[in-house]
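Only heavy atoms go into these numbers, but all of them, side chains included; no hydrogens, no water, no symmetry mates. Whatever order the structure lists them in is the order used to number ligands and atoms, beginning at 1.
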Amino acid sequence: MTTAATAGAGTRCMLMRGGTSKGAFFLAEDLPRDPAERDDLLLRIMGTPDPHQIDGIGGAQSVTSKVAIVAPAAAEADHDIDYLFLQLGVDDPTVSDRQTCGNLLAGVGQFAVERGLVPAGPQRTSVRIHLVNTGGAAVSTFATPGGRVDYSGTTAVSGVPGSAAPVSLDFAGTEGAVCGSLLPTGRIRDEIGGIPVTCIDNGMPVVVVRATDLGAAGYETAADLAADTALAERVDALRTRAGALMGLGDVTASSVPKTTLVAAPRDGGAICTRTFIPVRVHPSIGVLGGVTAVTALMLDGAVGAELFAAPASGAPVEIEHPSGTLAVDVELGGSAAAPKVGRSAVIRTARKLFDGTVFPR
Ligand code: NQM
């Protein structure tokens, strides 16, 4: 399926870091329309399948084997652009659109400005982004002094060295985005193989479980957890059964649900987390994964709610994770019996790494 246009001449591409992820950003018009042809091209661009992605631009981890495809919104739409996220496998030739990515999202608005899809404001620009994978929307706001994107700044993100300009991401309509409802099993807690879990979806399907119930402390380093193959098997068995309960069907080959192990905070945050995406350990925590886990912990009766040290009203929730903390805002309304998510928000940073032409294998 290699064509002269895509192999010989290459494909226009921008590599960006978004939050703690890195990925290749494309305009939809620069990629084949046919999804099979597009996916084949993307696999060759990233260098998948290969544990090192040595012949492509992927970074040999799931958080660096990602693609964002951006298109202008239809004229009558109430957003500016459409953002389709694709998770590419590293070792396996897979391309999945079953989840979105809140980290890569942190670069999407700036990419749209750089490519001329959205005009930049004189100081700041807000871009209304439709999350194609899941439904729901995000407004991304970032600095554009003099009408140009400025990536430099003093905001630090745990898991990223140095600092950069803040990007504020405000989410709406993420409740039940993938599974159809916030509590897809219809219950605030379930028991799977004798282990209490809360299955939830506020933009990302997540299984929340106490670390100790899976035989972990919840404070291990990511490397120690990654070396624990018995734990990975327990996580995989749990999430596979949870996926079925959440209406996701057979999730053995799916990137969702994620599993978040929770423990009492110990570094001044609200909760300590270790997350599996879906079986490998996340070096930090995903954006919508983090928002979703916090949403669970704010619900009376949820697994881990008793460990949650809620911050003062109005203050962000600091999630402890293996490389630091992630601050998220989640507003809940409705009633205890029927909770409703108001809005969720997070601050990230992003950076343009290169802009040019990528030559696929
Ligand atoms: O949860 C990794 C990441 C993600 C996803 C993953 C993300 C999110 O850290 O919104 O950002 O959970 O696969 O980029």
Close side-chain approach of V108 to V127, heavy-atom, < 4.5 Å = no
With sequence neighbours excluded, what pairs up with D355 under the side-chain hydrogen bond (donor to acceptor under 3.5 Å, both in side chains) test?
-> R115
Could you identify which residues cluster with I277, counting Ile, Leu, Val, Met, Phe, Trp and Tyr as linked when any side-chain heavy atoms lie under 4.5 Å apart, either directly or through a chain of such contacts?
-> V63
Do the side chains of F142 and V113 get nearer than 4.5 Å, heavy atoms only?
-> yes
Residue pairs passing the ring-ring contact (aromatic ring centres under 6.0 Å, His included) test where at least one lies in residues 84-116, sequence neighbours excluded = F25-F111
Any side-chain heavy-atom pair from N202 and F171 closer than 4.5 angstrom?
-> no
Within the 4.0 Å heavy-atom sphere of ligand 1, strictly under, residues | S21, K66, Q99, C101, G102, N103, M204, K258, I277, H282, G286, V287, L288, G289
